[in-house]
Amino acid sequence: MKIKLAKSYGFCFGVKRAIEIAEKSNGAVTYGELIHNPLEIKRLKNDYNVGYVENLEEIDTPKIIIRTHGITKDDRKKLESQGKELIDATCPFVTKPQEIVKEMSQKGYDIILFGDINHPEVKGVKSYSQNQNRTFVVLNASELKNIKLKEKIAVIAQTTRKVSEFLKIVDFLIENHKEVRVFNTICNATFENQDAVKILAKEADVMIIIGGKNSSNTKQLYLIAKENCNDSYLIENEDELKLEWFRNKNLCGVSAGASTPEWLIQNIIKKIKQIKDDDE
Ligand code: F3S
């Protein structure tokens, strides 16, 4: 069986940058997980003493790293008022939608934010709106039918959402409203990884997608793989691999989310080869 990696996969610019910042931080803590990958979080703790806390109240170190997904405006203010040193690892592609939401809401536009309302990035971006009552988070175009919108609308997306669904939302808004300002805030890494997984899944007999099960972009990759290759699996580590997935298969495609480290991907590829060799 041949194993082929997607043309574009794994660590993106924002995650690489955040990890470098964390490694240099010398024992700071992050508020929330720095990135959505439990094994990498563990490595940062063991090798660089970078921990994380879930609640602001638990922070007892003077230095705080702000995670790639960013935090809400209120949380930032609270930390600043406590005199904490903030080390900002927010991905610049996340800072951008925060600025857009602030500016367009100030200008009186209704805001449509395409994303998951429970995701930290979306909570952070939404918090920058100057008019919370006119800022709507939606997961798909059909949710828009229940919202009475004004004529001036700005639409933006969570950085890791599926491009095809964003286009449906934009189409619906343009068809039904006079002035729609579209901000494509889906980041390039997401575009490239999604495109590459689609191409590979079409030719592969089995697809392995590696990443944190709490990672939004990994889940999107898995869904695209599954649409194009029925035998697609999402795993976090090599212990989850099963021999039967690879029986009678000629080509195994591999991709990984933007917060999946290269060392983990290589370990998993090695394990897939070993499983196959042991079976033959
Ligand atoms: Fe940033 Fe895009 Fe990565 S938003 S954290 S470069 S997936």
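The chain is numbered in sequence order, starting from 1. Indexing begins at 1, ligand by ligand and atom by atom, following the structure's order.
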Taking atom types as modelled, find out whether E121 and T159 have a side-chain donor-acceptor pair closer than 3.5 angstrom. yes
For ligand 1, which atoms, with element, lie under 4.0 Å from some heavy atom of C187? 2 (Fe), 4 (S), 6 (S), 7 (S)
Near T159 (heavy-atom distance under 4.0 Å), the atoms of ligand 1 are 4 (S)
Heavy-atom count around K7 NZ within 6.0 Å, excluding the residue itself: above 12? no
Is E165 salt-bridged to K162, going by a charged N under 4.0 Å from an acidic O? no
Atoms in ligand 1 with a heavy atom of C12 nearer than 4.0 Å: 3 (Fe), 5 (S), 6 (S), 7 (S)
Would you kindly confirm whether L221 and V163 end up in one hydrophobic cluster when ILVMFWY residues are joined by side chain heavy atoms under 4.5 Å apart? no
Quick note on ligand 1: atoms under 4.0 Å from a heavy atom of C91 include exactly 1 (Fe), 4 (S), 5 (S), 6 (S)
